[in-house]
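Read through the structure below, which is laid out as structure tokens, and then see the notes.
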Amino acid sequence: MRIAVSGTHGVGKSTLIEEFLRLHPEFEHEPEPYEVMVDDYGEEFSAEPRVEDFLRQLEFNLERLGQHARDEKVIYERCPLDFLAYINALDSSVSQKLLERISDAMRQLDLIVYLPLDDASDGEYPKLRRAMDHQLSEILTSTNVTVVEATGSAAQRLRIVENALTDIKHATR
């Protein structure tokens, strides 16, 4: 079972994943590419969001998706569609070859948990947050992966994820 938690920055992905891992310690956690690349590999990104930075994070995410077998239990903080949404929000065009790679990588996932932007939250780069969230919500409607939208408190979001996992387990029997 491979799950990705998706959404713009500052919507609670890390919090939801922490709560999920408390209930499911058997899952491996793949942190957000930005954090791993900066903290573990010493990479530097520009102060302002740039397409090139999101492309680097996308490449890293694609690589990490390919490292886990189908039967492994993994929860990813972000999926390739997150980075595609950021790139689209910054008005960049993506090559057809990259879109094909993203499509292939998405087949590695069993479930995407989408955390939509709460209209009441501002956060860092509010215009980019809104644009990315809009792009992501549109992109997610065309994916072949099961997508659940998780809203509300952390506990409510966790219940939504648990219900989706139960539904997936029943559907595969």
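The hydrophobic cluster containing Leu158 also contains Ile3, counting ILVMFWY residues as joined when their side-chain heavy atoms lie under 4.5 angstrom apart, directly or transitively. Phe45 and Leu128 are members of different hydrophobic clusters when ILVMFWY side chains are connected at heavy-atom separations under 4.5 Å. Note on Leu21 and Val148: same hydrophobic cluster, where clusters join Ile, Leu, Val, Met, Phe, Trp and Tyr whose side-chain heavy atoms are under 4.5 Å apart, directly or indirectly. Tracing side-chain contacts under 4.5 Å through hydrophobic residues (I, L, V, M, F, W, Y), one reaches Val51 starting from Leu81; they form part of the same cluster. In the hydrophobic clustering of this structure, Tyr34 does not group with Leu16; members are Ile, Leu, Val, Met, Phe, Trp, Tyr whose side-chain heavy atoms approach within less than 4.5 Å, directly or through other members.
Atom CG of Asn144 has 12 or fewer heavy atoms from other residues, nucleotides or ligands within 6.0 Å.
Counting only distance, with no hydrogens or angles, the side chain of Ser103 and the backbone of Leu99 share no donor-acceptor pair below 3.5 Å.
Between Tyr86 and Arg129, the closest side-chain pair of non-hydrogen atoms is not below 4.5 Å. Counting heavy atoms from C-beta outward, Val36 and Pro33 have side chains that stay 4.5 Å or more apart. Two residues are said to be in side-chain contact when any heavy atoms from C-beta on lie closer than 4.5 Å; Val145 and Leu111 fail this criterion.
Of all heavy-atom pairs between His29 and Pro31, the closest is O-CD, 3.4 Å. Val74 and Phe27 get closest at one heavy-atom pair: N-CD2, 3.4 Å. In terms of heavy-atom proximity, Arg157 sits nearest to Gly12 at NH1-CA, 3.9 Å. For Leu136 against Ala85, the heavy-atom pair with the smallest separation is N-CB, 3.6 Å. The shortest heavy-atom contact between Ile112 and Cys79 is CD1-SG, 4.2 Å.
Under the rule for a ring-ring contact (aromatic ring centres under 6.0 Å, His included), Phe83 has no partner lying at least two apart in sequence or in another chain.
Between His9 and Tyr125, the ring planes lie perpendicular to each other; the angle is over 60°, past the 30° to 60° tilted range.
Residues Asp82 and Ser6 have side chains that bring a donor and an acceptor to within less than 3.5 angstrom of each other. In this structure, a donor-acceptor pair under 3.5 Å is absent between the side chains of His24 and Glu19. Defined by atom type and a distance below 3.5 Å, a donor-acceptor pair is missing between the side-chain atoms of Gln156 and Thr151.
No option in Gln67, His68, Arg2 other than His68 meets the side chain to side chain donor-acceptor pair (under 3.5 Å) test with Glu30.
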